[in-house]
Each structure stands twice: as structure tokens, then as C-alpha cells.
Number of protein chains: 2
Amino acid sequence: MTSSTIDRILDAAEAEFSAHGFVETSLRTITSKAKVNLAAVNYHFGSKKGLIQAVTDRFLGPLTQNLHAQLSAYEKSFSKSHNDEQELQVLLAILARSCQHVAQQNHHSLAVFARLISTAYSQSQGHLRKHLSYQYGASFLYFMKLLRKHMPEMTDEQFFWRFHYLLGILVFSLSSSEALLAICEREYASNRSLDQIMVDIVPVMASAAQAPIIGEF
Amino acid sequence: MTSSTIDRILDAAEAEFSAHGFVETSLRTITSKAKVNLAAVNYHFGSKKGLIQAVTDRFLGPLTQNLHAQLSAYEKSFSKSHNDEQELQVLLAILARSCQHVAQQNHHSLAVFARLISTAYSQSQGHLRKHLSYQYGASFLYFMKLLRKHMPEMTDEQFFWRFHYLLGILVFSLSSSEALLAICEREYASNRSLDQIMVDIVPVMASAAQAPIIGEF
DNA sequence: GTTAGTTTTAAACGCATGTTTTAAACAAAA
DNA sequence: TTTTGTTTAAAACATGCGTTTAAAACTAAC
């Protein structure tokens, strides 16, 4: 176990990034929590940006692979009578299950994932967005393609917007999960978990997906 | 117009905060965009934190006042045969309209609002959350109370989660609006606006609110 | 016109950050 | 044991930040 240093850094960085975001966590807090010298980050990852990329790559790889595998299995055993709510929920449940899957390995990865999506969509020039879609876009495009089939009455543009409204449910739930779970436990003495949130939002996203279109498109 | 300095700072700060967040925008970029001396911020607002508070107070005041006024007017002329989807949409449309209202005055206020909510829910200790609910919580609690009536079949805890899923749609749409509108124009040659997004999400949030409960609560 | 109070300006301060450097410690092969 | 390459260590570096200071400029009342 020569390079436990690398893993300790990755774990500490993931935890800190998930709790305080990328810019607001310093390399000094990461290296001190990892019990590692400050210079180790630049030595092993080149820069802070390199560390962020390593942290995200660690779960984005498994996430997209798992998602892709599940989607192709789903598509093969496809009951041709789709277009009903059941099938839509199955598809959304696949996404949820992929998220759960990566969370088993790296506990804070989903919160980091949510922060990643949020920052990608909050810079309008979209450098990060391009990088993500170039590196990991295939699986998510695959997902969108299948989702699109269940919302045939919409135009492409309407689907674009609806999809991102659904994404909002997912991203906000993930990035706020720690706070929400804490409030929930304090306020309702209920011991829920991120896993349960992921099954929770599936029917909610499904209903949101099927809401009627009334705007002046 | 002796203190146009203050307004120029507030406008520049609002624009920068909406585009790059609170921590990632420096006082130097704000003051240079406002064509104002660097020290002016500390002179007029005491600190950067004071400036952030001034920026948010400027629209949170009008927002909550408008929301409260609309809600009490709605409650007075209340068709007692509620519990149907129409009424739910009316209520959600009130929230949307209040958002539109403050956006007319300060163009980037809604994106700042979204960032405020996001940061409030991404720190689990919740200092900002407490401050916001102490200062502006009344109107939003009022809104939640009325919304609760339209979702009577849920437990309080289930309502808590569902409410925050709806909040996710709103917050993500607002904080990503600039990027999404840019993509939409480039990809679909469609000239949409934040206003249209706000009417868009009303039926989506309504459907999400009425999704069946299936989780193991 | 002088004065008193307010606002603006330029410069500096103290501090935290990411990064680099240089040497020491270590590991494994010759 | 010596040597070679890799990893760790402590210290310093450069930079950008929020903030403070002290003097200048301005405003308005007397």
C-alpha cells in the first residue's frame, strides 16, 4: 500500500468538497484532515484543479458505466407498450439506482456530483459543462434519448426545459441532503437516508415529467 | 443624487453575485465595474458581508411583502372547494408572480435569491438559514401553510420533503437560468425569458406536488 | 470665506491561499 | 553497501483578498 497517501487525499477532499464546495475548501484543510503534507497534493495531482478532477473522475466513471449498463439492459428487455407512467418511473429509477450505486463506494460523492452540476450550470460560458459532456456525456445522452420516448407529445425545446426542471429536483435534493436529513431528524425524529431520498424523488420526477404543457411556446 | 455611489455598488454587486456567487466575486471587481473606489464598500456597508446583506435585503423585502399581500388577498377570496389541482396552481402561481415582481426592479435578483437559498441549504449547521427565516420567514411560512392545505393526505414529514423537491425545481431553474436561456437560444433559436420560465414551472411544480407517495415512510 | 462634516481617494496592511523549492527520508535494485 | 529513483517534509514564495488608514476633495451651513 505504497500510495495510501493518494487515497487519503481523495477521501478527505471528497468529504470537504461535499460539505463546503470546491473554492471554499483549502488544500491546507484537506491535507491536514488527510494527515498528509501540504505539498502532496501538488506532487500527486499537479494542482488543486487536478485534485478536483481526480475526485470527480473517481465516481463519474463508475456512475456513467453503471448507468449505461442498466440502460442498455433496460432497452433490450423493452416492453414495447411504453408511453405509460410505469415505464417512465422505471427509467427514472435506473438513474436513481446508479446514483445509489456510486454512493455506496464513496459516501460523499453524490453531494460532490450535485455541486459539480450546479457549478456547471451557473457559469453561462460553460467550460465545465463542455468538459463534462465531452468526457461523460454519452451515458447521460443515452438516458435522455430513452426519456424522450416517454414524452413524445413535447417539442425538443419543451423537452429540454422539462428535463432540466427534473434535474433541479435531483440536484437540489442531493446538494441539500445533509441539511435536509439533519432538519428531518431534529424536527420529525425520523431517521431517513440519502438512499430513501433517491427512491422518494422517482415518482415526483415522473409526475413532473408528465405535467401538462401550458406555457406560450 | 449624493449617494449614487451606493446604488452603483449595489447594482454591480448584484450582477456579479448572480453570475459568479458571493465568495468568487471580489470587492475589487465590484468596485471597478461600479466605477467606484475600493474603500467605498467598507465605508458604506461596513464589510463584504454587509454588502451581501444589503444586496439581498433590497429584493427580499419587496419579495416577501408582495408574497404576503398576494397570499392574504388569495385567502380572503378563497373558494372553499379547494383540494383540486386548479387551486394548487393558483397558489404556486402567486409565488411565481412574486418572483417576477422583484425581477422587474432588480434584474439579477432572482439568480442571487437562488444562490442564497442554495448556500443556506448546503451548510448543515444553517446559520444563514436561521437568519433568513428569522428575518423573512413569515411570508414563506404563510405560503407553506396554504400549500399544506392542498396536500392534506400527506404527513407533515412527507410534506416537508415534497416541499423541498418543489423548491429544487425553482432554485435550480433560477440559478441556471442564464445558462439555460443561452443554450436554448443557441440550440433552438428560441427567445425565451426568465418570466416565461416562471410560468413554465408552475404546472410542473403542481404535478410534482401531487405525485403519489410510495416511499417506505 | 471659513468651518465642520461627509465622501472619495490612494496607499498600505495583514492574512490566507495555491504553488514551488530544496533537502531529507525512504525504497528497491545493483 | 551503494546507488538510483520516488515520496515526504519544511519552508518560503507570489498573489489576491478584505480591510484599514490618513490625507485629499467635496458639500453645505454659518
Side-chain angles (χ1 to χ4, degrees), chain A residues 1-58 108 112 115-116 119-120 122-123 125 127-128 131, chain B residues 1-58 108 112 115-116 119-120 122-123 125 127-128 131:
Chain A
M1 156 153 349
T2 159
S3 65
S4 154
T5 303
I6 292 179
D7 291 327
R8 287 221 305 282
I9 291 175
L10 286 174
D11 290 339
E14 184 181 271
E16 289 300 307
F17 287 158
S18 80
H20 309 112
F22 301 114
V23 298
E24 296 188 74
T25 65
S26 69
L27 296 185
R28 281 170 173 81
T29 74
I30 291 173
T31 52
S32 79
K33 298 240 175 185
K35 293 189 202 304
V36 152
N37 187 273
L38 168 62
V41 168
N42 290 278
Y43 177 75
H44 288 289
F45 302 100
S47 64
K48 184 179 183 179
K49 194 172 176 179
L51 173 60
I52 295 174
Q53 208 158 106
V55 169
T56 56
D57 284 351
R58 188 166 65 153
H108 301 99
V112 178
R115 289 204 189 258
L116 200 65
T119 56
S122 59
Q123 49 187 21
Q125 78 274 30
H127 291 148
L128 175 58
H131 169 77
Chain B
M1 169 161 324
T2 160
S3 65
S4 154
T5 301
I6 291 180
D7 291 328
R8 286 221 307 282
I9 292 175
L10 286 174
D11 291 338
E14 185 181 271
E16 290 300 306
F17 287 157
S18 80
H20 308 112
F22 301 114
V23 297
E24 296 187 74
T25 65
S26 69
L27 296 185
R28 282 170 173 82
T29 74
I30 291 174
T31 51
S32 78
K33 298 241 174 185
K35 292 188 202 304
V36 153
N37 187 273
L38 169 62
V41 168
N42 290 278
Y43 177 76
H44 287 290
F45 301 100
S47 65
K48 185 180 183 178
K49 194 172 176 178
L51 173 60
I52 295 174
Q53 207 158 108
V55 169
T56 55
D57 284 350
R58 188 167 63 153
H108 301 100
V112 178
R115 290 204 188 257
L116 200 67
T119 57
S122 57
Q123 49 187 22
Q125 78 275 29
H127 292 147
L128 175 58
H131 170 77

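Naming: A, B, ... by sequence-line order, numbering from 1 per chain. Quick note: numbers below take in every heavy atom, side chains included, and nothing from hydrogens, waters or symmetry partners.
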With the side chain defined as heavy atoms from C-beta on, Ala39(A) is closest, among dT19(C), dT19(D), dT21(C), to dT21(C)

What is the separation between atom NZ on Lys35(A) and atom C1' on dA9(D), rounded to the nearest whole Å? 17 Å

Starting the side chain at C-beta, find the nucleotide from dT19(D), dT19(C), dC17(D) nearest to Ser26(B). dC17(D)

Heavy atoms under 4.0 Å, any strand shown: does Thr25(B) hit a base, just sugar-phosphate, or nothing? sugar-phosphate

Short side-chain N/O contact to dT7(D) OP1/OP2 from Thr5(A), under 4.0 Å: no

Base dG16(D) to side chain Arg28(B), donor-acceptor N/O within 3.5 Å cut-off: no

For the pair made of CG in Asn37(B) and P in dT8(C), what is the distance, rounded to whole Å? 9 Å

Validation row: Phe17(A), Thr56(A) side chains within 4.5 angstrom (heavy atoms): no

CD of Glu24(B) versus P of dG18(D): gap in Å, rounded? 12 Å

For Val36(A) and Thr29(B), find the nucleotide of DNA chain D closest to each by heavy atoms; which residue's nucleotide sits nearer the 5' end? Val36(A)

Checking dT7(C), dT8(D), dT19(D) against the side chain of Leu27(B) (C-beta onward), the nearest is dT19(D)

Distance check needed: dT8(D) C1' versus Ile6(A) CD1, whole Å only. 13 Å

So, OP1 or OP2 of dT6(C): does either fall under 4.0 Å of a side-chain N or O from His44(B)? no

Heavy-atom side-chain contact between Ile9(A) and Phe45(A) under 4.5 Å: yes

When you compare the side chain of Val112(B) with that of Ile52(B), does any pair of heavy atoms fall below 4.5 Å? no

What nucleotide, of dT19(D), dT8(D), dT8(C), holds the atom closest to the side chain of Tyr43(B)? dT8(C)

May I ask you to test the Leu128(B)-Leu116(B) pair for a side-chain heavy-atom distance under 4.5 Å? yes

To the nearest angstrom, the CZ-P distance between Phe22(A) and dT17(C) comes to 18 Å

Presence of Ser47(B) side-chain N/O under 4.0 Å of dG18(D) phosphate oxygens OP1/OP2: no

Looking for any heavy atom pair under 4.0 Å, which part of the strands does Thr31(B) touch: base, sugar-phosphate only, or nothing? nothing

Atom CG of Leu38(A) and atom C1' of dT7(D): how far apart are they, to the nearest Å? 15 Å

Polar side-chain atom of Arg28(A) near backbone of Leu38(A) as donor-acceptor pair, under 3.5 Å: no

What is the distance from CG of Asn42(A) to P of dA11(D), rounded to the nearest Å? 18 Å

